[in-house]
Colleague: 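Encoded as structure tokens, here's the structure I'll be asking about.
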Amino acid sequence: MVCSSAGGGRVLRAAFPHTVPVLTGYLVLGFAYGILMQQAGYGPLWTFLMSLLAFAGSMQYVAITLLTTAFAPLQAFLLSLMVNARHLFYGISMLEKYADAGPWRPYLIFTLTDETFSLLSVTPPPEGVEPRRFYLAVSALDHLYWVSGSVLGAAAGRLIHFDTTGLDFALTALFVVLFIEQLKDLRHAASGFAGVICAMAALLLFGPDNMVIPAMAFIVVILICGRKKLCI
């Protein structure tokens with residue numbers, strides 16, 4: 001898709017260095033996800049289809065439990081909405097960047113994960129590279145990393161047998177690393193701490209099972225009210 005026209009290789013070469021941190025993270029996280037899927041009774045093919053068509057990171061981890069328990073459609077819908085509610089806000093902030101994406105826009109929206117958003121929101125396209133093609137290259141590479149890691153994990157899961165308790169914490173660890181990286185840039189430190197405060201307030205007020213959507217709402221209010229001071 002990225003290489004469908006002349007210069008596609010140059011776009012990929014320009015995008016790849018920016019995606020290396022995501023590559024290392026997605027291979028590890030995807031590998032862990034693949035092992036968990038295999039141990040839940042789903043082999044490489046099912047893991048491949050889930051990662052290719054769902055590509056939801058944290059929700060895919062949650063889906064393992066949903067796939068191995070009694071099917072409850074309403075519960076699954078509400079849980080998916082709660083876990084992925086943050087993408088509503090990601091999407092709003094990317095409207096301007098994706099305005100001229102043309103036929104690639106649906107795929108860009110589909111592949112807008114936390115890590116891809118983090119990259120595209122702070123990384124300007126290199127000089128001489130068309131922005132929409134750069135966004136597509138970053139998104140496609142990140143998608144490829146996740147699918148590859150999860151399939152490798154599912155394949156290895158047939159040979160590796162060990163206690164996987166706590167393996168899903170790898171996803172939480174990635175979010176912690178992303179937060180630490182954000183704090184290294186003082187321009188984003190204030191908004192990062194604002195997010196922490198909002199999350200803690202939601203946790204205290206609504207409890208761990210219902211905090212995600214209220215926390216995101218708090219964050220939006222803070223960012224809107226303090227936009228001039230936070231967005232520098």
Side-chain angles (χ1 to χ4, degrees), residues 19 21-91 109-119 139 141-181 195 199 202-203 206-216:
T19 66
V22 179
L23 166 63
T24 56
Y26 273 11
L27 286 181
V28 174
L29 289 171
F31 197 87
Y33 169 71
I35 291 176
L36 292 174
M37 281 286 285
Q38 175 63 38
Q39 296 204 354
Y42 297 91
L45 177 60
W46 286 107
T47 303
F48 168 76
L49 292 174
M50 280 287 289
S51 293
L52 180 69
L53 302 177
F55 192 40
S58 54
M59 189 58 211
Q60 285 184 232
Y61 274 81
V62 176
I64 296 175
T65 301
L66 298 178
L67 291 170
T68 55
T69 57
F71 181 54
L74 180 59
Q75 179 185 0
F77 171 77
L78 293 176
L79 186 58
S80 300
L81 178 63
M82 185 177 300
V83 171
N84 293 310
R86 64 192 186 280
H87 292 284
L88 295 172
F89 308 107
Y90 291 171
I109 294 172
F110 166 69
T111 54
L112 188 61
T113 61
D114 302 294
E115 295 74 24
T116 302
F117 169 77
S118 296
L119 286 177
S139 301
L141 285 172
D142 289 350
H143 193 189
L144 175 64
Y145 302 153
W146 178 259
V147 173
S148 301
S150 59
V151 171
L152 288 173
R158 293 184 171 184
L159 306 174
I160 301 174
H161 301 281
F162 62 95
D163 185 1
T164 59
T165 302
L167 190 61
D168 53 352
F169 183 76
L171 191 67
T172 303
L174 175 62
F175 283 112
V176 173
V177 171
L178 291 174
F179 176 69
I180 293 174
E181 287 296 319
L203 176 63
F206 300 96
D209 296 328
N210 303 295
M211 64 171 285
V212 176
I213 294 179
M216 297 303 298

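Below, all heavy atoms of this structure are taken into account, side chains as well, without hydrogens, waters or symmetry copies. Note that the numbering runs from 1 along the sequence shown for the chain.
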Colleague: Taking the six-membered ring for Trp and the single ring otherwise, decide whether the centroids of H87 and F117 are under 6.0 Å apart.
Modeller: no
Colleague: If every non-hydrogen atom of Y61 is compared with every non-hydrogen atom of A32, which pair is closest and at what distance?
Modeller: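 Reported closest heavy-atom pair: OH-CB, 3.6 Å.
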Colleague: Without swapping roles, check the side chain of T113 against the backbone of T116 for a donor-acceptor pair under 3.5 Å.
Modeller: yes
Colleague: Between atom CD1 of I35 and atom OG of S150, what is the distance when rounded to the nearest 0.5 Å?
Modeller: 11.5 Å
Colleague: Rounded to the nearest 0.5 Å, how far does OG1 of T47 lie from CG of L152?
Modeller: 11.0 Å
Colleague: What's the separation between atom CD1 in I109 and atom OG in S139, rounded to the nearest 0.5 Å?
Modeller: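 I109 CD1 to S139 OG: 10.5 Å, rounded to 0.5 Å.
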Colleague: Which atom pair, heavy atoms only, marks the closest approach of E115 to V22?
Modeller: CB-CG2, 3.9 Å
Colleague: Hey, which of Y33, W146, F31 is the one that makes side chain to side chain contact (heavy atoms under 4.5 Å, CB included) with Y26?
Modeller: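 So, applying the side chain to side chain contact (heavy atoms under 4.5 Å, CB included) to Y26 and each of Y33, W146, F31, only W146 qualifies.
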Colleague: Got a second to check how far L119's CG is from D114's CG, nearest 0.5 Å?
Modeller: 11.5 Å
Colleague: With a 3.5 Å distance limit and no angle check, can you tell me whether T24 reaches the backbone of P21 through a side-chain donor-acceptor pair?
Modeller: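 Checked: pair present.
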Colleague: Looking at A40 and I64, what are the two nearest heavy atoms and their distance?
Modeller: CB-CG2, 3.9 Å
Colleague: I need the minimum non-hydrogen distance between P44 and R158, along with the two atoms involved.
Modeller: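 Between these two residues, the closest heavy atoms are CD-NH2, 3.4 Å.
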Colleague: When rounded to the nearest 0.5 angstrom, what is the spacing between OH in Y42 and CG in L49?
Modeller: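 Taking OH in Y42 and CG in L49, the distance rounds to 12.5 Å.
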Colleague: Once you round to the nearest 0.5 Å, how far does CG of L52 lie from CG of L144?
Modeller: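 Those atoms lie 10.5 Å apart.
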Colleague: Would you say the side-chain atoms of Q38 pair up with the backbone N or O of G34, donor to acceptor, closer than 3.5 Å?
Modeller: no
Colleague: Please report the C-alpha distance between M59 and L66 in whole Å, then the side-chain angles of each, then the deciding distance to 0.1 Å, and finally whether the side-chain contact (heavy atoms from CB on, under 4.5 Å) criterion is met.
Modeller: CA-CA 10 Å; M59 189 58 211; L66 298 178; 3.7 Å; yes
Colleague: Tell me whether the rings of F55 and F110 are parallel (<30°), tilted (30 to 60°) or perpendicular (>60°).
Modeller: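 The arrangement is tilted - the two ring planes meet at 30° to 60°.
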